[in-house]
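To keep things clear, I will list the structure first and then write my remarks on it.
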2 protein chains.
Amino acid sequence: MTNSKSEVAYALVSERIVNGAYSPGYRLVLGTIAEELGCSVVPVREAIRRLEAEGLVHFTRNVGATVAQVDSTLYLHTMQTLAVIEPAATALAASAMDETWLAKAQALNDAMRQCLEDFDPVAFTELNNEFHQQLYSQCPNPHILDLVQRGWRRLAAMRASSFTHIPHRAKQSVEEHQHLLELIAAHASTKDIEEAARTHRTNTLNAYLAQANMAPSAI
Amino acid sequence: MTNSKSEVAYALVSERIVNGAYSPGYRLVLGTIAEELGCSVVPVREAIRRLEAEGLVHFTRNVGATVAQVDSTLYLHTMQTLAVIEPAATALAASAMDETWLAKAQALNDAMRQCLEDFDPVAFTELNNEFHQQLYSQCPNPHILDLVQRGWRRLAAMRASSFTHIPHRAKQSVEEHQHLLELIAAHASTKDIEEAARTHRTNTLNAYLAQANMAPSAI
DNA sequence: GCACACTAGATCGTATACGATTTGATGTAC
DNA sequence: GTACATCAAATCGTATACGATCTAGTGTGC
């Protein structure tokens with residue numbers, strides 16, 4: 001057996017939250033999930049607690065777990081956190097990125113540009129995720145890398161990261177990506193890369209906030 | 001009962017790791033801890049897994065948990081992460097800090113200056129923790145705040161944060177604190193405060209790295 | 001009609017029990 | 001003496017069982 005049951009349970013619930021099968025507010029009952037998996041509740045408990053630690057589910061003692069509710073505040077906080085961490089990860093990863101990595105990232109951004117013309121927001125969002133992952137995945141600091149990945153997972157679970165909510169950002173986003181790629185290719189300073197990446201993310205966040213009639217983020 | 005047993009177990013083990021009773025490499029046996037607490041192993045399991053998620057313990061399947069080993073790399077990674085997160089937390093908290101908070105922080109820094117003259121590194125380290133906590137604790141973003149607190153806990157568990165390892169940094173550290181306080185008092189921009197806080201932390205990290213004959217951190 | 005006590009069902013929290021896995025020691029072949 | 005197989009002890013992983021707690025619905029008094 002390669003995986004323990006608690007890992008299987010974790011993978012199952014996690015996947016369902018991220019892909020939307022369990023939507024926010026959905027009640028996660030230990031017994032039900034255990035039955036579905038054909039195991040007892042103990043491993044399921046452990047999985048749920050792990051998900052709680054990641055912020056994907058909300059847990060109340062003696063009451064149970066629900067998929068974390070999304071409100072504007074949560075989105076703001078998650079994006080703000082990612083705005084701090086991801087640029088750092090990208091900057092740290094930059095020196096480790098060779099021609100091959102850059103070429104892949106460039107190809108992804110080109111594909112995004114194509115999506116713009118085809119009005120395909122779903123594919124655009126998907127490519128956007130891949131593009132960013134391409135940039136930060138080489139980050140040599142495992143803690144930072146882990147935090148970035150958790151942030152993206154949270155966003156995916158909230159399905160608020162989709163560009164369907166802020167369509168006008170898509171075009172500018174592609175251009176900011178291009179700028180970032182050029183900085184990395186030119187071996188710009190860590191600070192410059194981090195700053196460009198943060199500007200990109202802050203712009204997205206503020207575009208969302210402006211649309212929701214909320215004050216822009218301080219970071 | 002205000003606390004569940006798993007929470008009690010978590011608090012106990014966590015406290016012992018942080019205060020050094022369980023030193024790095026210490027083998028955490030579920031049954032033994034359960035016996036000591038007068039409960040079964042199930043709540044202890046949950047506590048250990050939570051600690052694993054925080055990076056305080058290392059867990060291997062079917063083998064067990066040990067208190068996380070400290071090596072230079074781990075210290076570097078933890079400090080680097082904190083160097084990214086804490087300045088952001090401080091900058092976000094700055095606008096929420098009123099006169100009272102600033103006065104407390106100033107008092108702590110003054111006390112640190114006194115410790116310098118008394119050659120009391122233990123008290124200095126303690127005050128340093130309190131000073132930083134004073135600065136970031138008002139951070140309005142709970143995710144970021146949580147990450148900062150975890151980072152400090154990790155450092156405490158590693159006991160590498162102590163100024164006994166880099167005594168010459170103490171004096172400069174106090175001055176950098178002072179500069180930071182002045183920026184906050186003058187309502188400097190978020191960016192300036194974040195930058196000053198990051199410089200402070202990067203300096204400490206690099207002082208450690210230089211002493212260990214390692215290359216300085218990119219961030 | 002409203003507030004409060006009570007009850008039943010659902011669900012969680014934990015203890016106990018036992019099978020599964022790892023580890024280190026012992027023994028055996030070469 | 002070394003390498004490998006075997007075995008026993010330690011420890012973890014999970015199932016089951018039962019008590020504790022919460023929630024919602026019902027009933028009673030006012």
Side-chain angles (χ1 to χ4, degrees), chain A residues 1-17 21-71 146 157, chain B residues 1-17 21-71 146 157:
Chain A
M1 201 195 296
T2 66
N3 290 323
S4 74
K5 302 207 174 180
S6 75
E7 282 164 356
V8 174
Y10 173 82
L12 177 87
V13 179
S14 168
E15 204 273 334
R16 289 194 179 171
I17 293 176
Y22 292 157
S23 45
Y26 185 93
R27 182 92 186 271
L28 298 165
V29 179
L30 298 186
T32 309
I33 298 171
E35 198 175 347
E36 190 176 354
L37 275 164
C39 71
S40 80
V41 296
V42 181
V44 179
R45 270 185 71 82
E46 200 171 296
I48 298 285
R49 298 311 280 262
R50 277 180 65 190
L51 290 165
E52 187 200 8
E54 291 182 24
L56 261 62
V57 313
H58 177 74
F59 193 91
T60 312
R61 208 182 144 211
N62 287 318
V63 174
T66 55
V67 177
Q69 287 285 357
V70 190
D71 64 354
D146 182 52
Chain B
M1 198 197 297
T2 67
N3 290 325
S4 74
K5 303 208 174 178
S6 73
E7 280 164 357
V8 174
Y10 173 82
L12 177 87
V13 178
S14 167
E15 204 272 335
R16 290 196 179 169
I17 292 176
Y22 292 157
S23 45
Y26 185 93
R27 181 89 186 271
L28 299 165
V29 179
L30 298 186
T32 310
I33 298 171
E35 199 176 348
E36 189 176 356
L37 275 164
C39 72
S40 79
V41 296
V42 181
V44 179
R45 270 185 70 82
E46 201 171 295
I48 297 286
R49 298 311 279 263
R50 276 179 66 189
L51 290 164
E52 186 200 8
E54 292 183 24
L56 261 63
V57 313
H58 177 74
F59 193 92
T60 312
R61 193 165 164 229
N62 287 317
V63 174
T66 55
V67 177
Q69 288 286 357
V70 190
D71 63 355
D146 181 53

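As the structure is a computational prediction, the values presented were derived from the model and not from experiment. Letters A, B, ... mirror the listed sequences (proteins, then strands); counts begin at 1.
- A pairwise comparison of heavy atoms in B:Val57 and B:Ile48 identifies CG2-O, 3.8 Å as the closest pair.
- The side chain of A:Lys5 approaches D:dT14 more closely than any other nucleotide in the set C:dT21, C:dC12, D:dT14.
- The side chain of A:Val63 lies closest to D:dC22, out of C:dT14, D:dC12, D:dC22.
- Near-neighbour residues of DNA chain D inside residues 33-42 of chain A, defined by a heavy atom below 4.0 Å, number-ordered: A:Cys39, A:Ser40, A:Val42.
- When the C1' atom of C:dT11 is taken as reference, atom CZ of A:Arg45 falls 11 Å away, rounded to whole Å.
- Here the closest non-hydrogen pair linking A:Gly25 and A:Gln69 is CA-NE2, 3.2 Å.
- What separates CD of A:Glu46 from C1' of C:dT14 is a distance of 15 Å, to the nearest Å.
- Nearest heavy atom pair, residue A:Cys39 against residue A:Lys5, reads CB-CD, 3.7 Å.
- Rounded to an integer number of Å, the gap from A:Phe59 CZ to C:dC12 C1' is 7 Å.
- Rounded to a whole Å, the CD1 atom of A:Ile48 is 14 Å from the P atom of C:dT11.
- As a whole-Å value, the separation of A:Arg61 CZ from C:dG13 P is 7 Å.
- As rounded to whole Å, 7 Å separates atom P of C:dT21 from atom CG of B:Asn62.
- Of all heavy-atom pairs spanning B:Ala9 and B:Pro43, the tightest one is CB-O, 4.5 Å.
- A salt bridge links A:Arg49 to A:Glu52: one of the charged nitrogens lies within less than 4.0 Å of a carboxylate oxygen.
- Spacing between atom CD of A:Glu7 and atom C1' of D:dC12 amounts to 13 Å, rounded to whole angstrom units.
- Smallest separation of non-hydrogen atoms from B:Val70 and B:Pro24: CG2-CG, 3.8 Å.
- Here C:dT21 presents its C1' atom at 14 Å from CG of B:Leu30, a figure rounded to the nearest Å.
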